[in-house]
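Note: hydrogens, waters and symmetry copies are ignored here, and every other heavy atom, side chains too, is used.
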Amino acid sequence: MTATPTPPPAEIDPRLLEVLVCPVTRASLDYNRARGELVSRTAKLAYPIRDGVPIMLPEEARALEDGE
């Protein structure tokens with residue numbers, strides 16, 4: 001069985017990052033390029049970026065673990 005190749009990190013337009021906020025807390029987001037996510041430290045959620053499009057739905061977000 002061969003390993004599935006890891007997709008390249010998601011890219012996001014820096015101007016878009018300036019205007020996006022967490023839909024839960026309205027706080028600013030941090031871009032985690034390695035994981036392809038937008039991170040809300042306030043809500044402790046990470047929103048995925050799929051095909052260059054941020055998925056800003058709380059039900060699609062990953063809960064951050066302690067220390068992330």
Side-chain angles (χ1 to χ4, degrees):
M1 183 178 272
T2 60
T4 305
T6 304
E11 293 297 327
I12 189 164
D13 185 332
R15 293 171 294 180
L16 182 60
L17 187 55
E18 290 176 12
V19 298
L20 285 176
V21 295
C22 175
V24 175
T25 63
R26 302 286 183 224
S28 63
L29 299 165
D30 296 321
Y31 176 42
N32 183 329
R33 185 177 189 275
R35 292 194 74 141
E37 298 175 325
L38 294 175
V39 178
S40 171
R41 305 245 179 251
T42 308
K44 297 185 179 177
L45 295 172
Y47 298 93
I49 300 171
R50 296 187 189 125
D51 298 322
V53 179
I55 310 300
M56 302 304 296
L57 300 170
E59 57 270 16
E60 292 287 326
R62 176 180 67 82
L64 294 179
E65 297 179 16
D66 290 337
E68 269 192 283

Chemist: Could you give the distance from CG (L17) to CG (L29), rounded to the nearest 0.5 Å?
Modeler: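 So the gap between those two atoms works out to 7.0 Å.
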Chemist: For L16, check side chain to side chain contact (heavy atoms under 4.5 Å, CB included) against everything at least two apart and list the hits.
Modeler: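 Expected list: I12, D13, V19, L20, P54.
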Chemist: Taking side chain to side chain donor-acceptor pair (under 3.5 Å) as the test, write out the residues that go with R26, two or more places apart.
Modeler: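 Result, side chain to side chain donor-acceptor pair (under 3.5 Å) vs R26: none returned.
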Chemist: Checking A46 now: which residues fulfil side chain to side chain contact (heavy atoms under 4.5 Å, CB included) with it, not counting sequence neighbours?
Modeler: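 For A46 the side chain to side chain contact (heavy atoms under 4.5 Å, CB included) partners, ignoring immediate neighbours, are E37, V39, R62, L64.
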Chemist: Is it true that V21 and Y47 fall in one hydrophobic cluster, defined by side-chain heavy atoms closer than 4.5 Å?
Modeler: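 No, no single cluster joins them.
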Chemist: Go through the structure and list residues passing salt bridge (charged side-chain N to carboxylate O under 4.0 Å, His left out) with R41, not counting sequence neighbours.
Modeler: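 Checked R41 against salt bridge (charged side-chain N to carboxylate O under 4.0 Å, His left out); matches are D30.
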Chemist: With T25, which residues qualify under side chain to side chain contact (heavy atoms under 4.5 Å, CB included), at least two apart?
Modeler: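 C22, A27, S40, T42, A43.
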Chemist: Grab the two heavy atoms, one from M56 and one from P23, that are nearest each other, plus how far apart they are.
Modeler: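 In this case the closest contact between M56 and P23 is O-CG, 3.3 Å.
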Chemist: On a heavy-atom basis, which atom in A61 and which in P48 lie closest, and how many Å separate them?
Modeler: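 Scanning both residues, the minimum pair turns out to be CA-CD, 4.4 Å.
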Chemist: Could you work out, with salt bridge (charged side-chain N to carboxylate O under 4.0 Å, His left out) as the rule, every residue matching D51, not counting sequence neighbours?
Modeler: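 Testing D51 for salt bridge (charged side-chain N to carboxylate O under 4.0 Å, His left out), a comparison that skips the adjacent residues, returns none.
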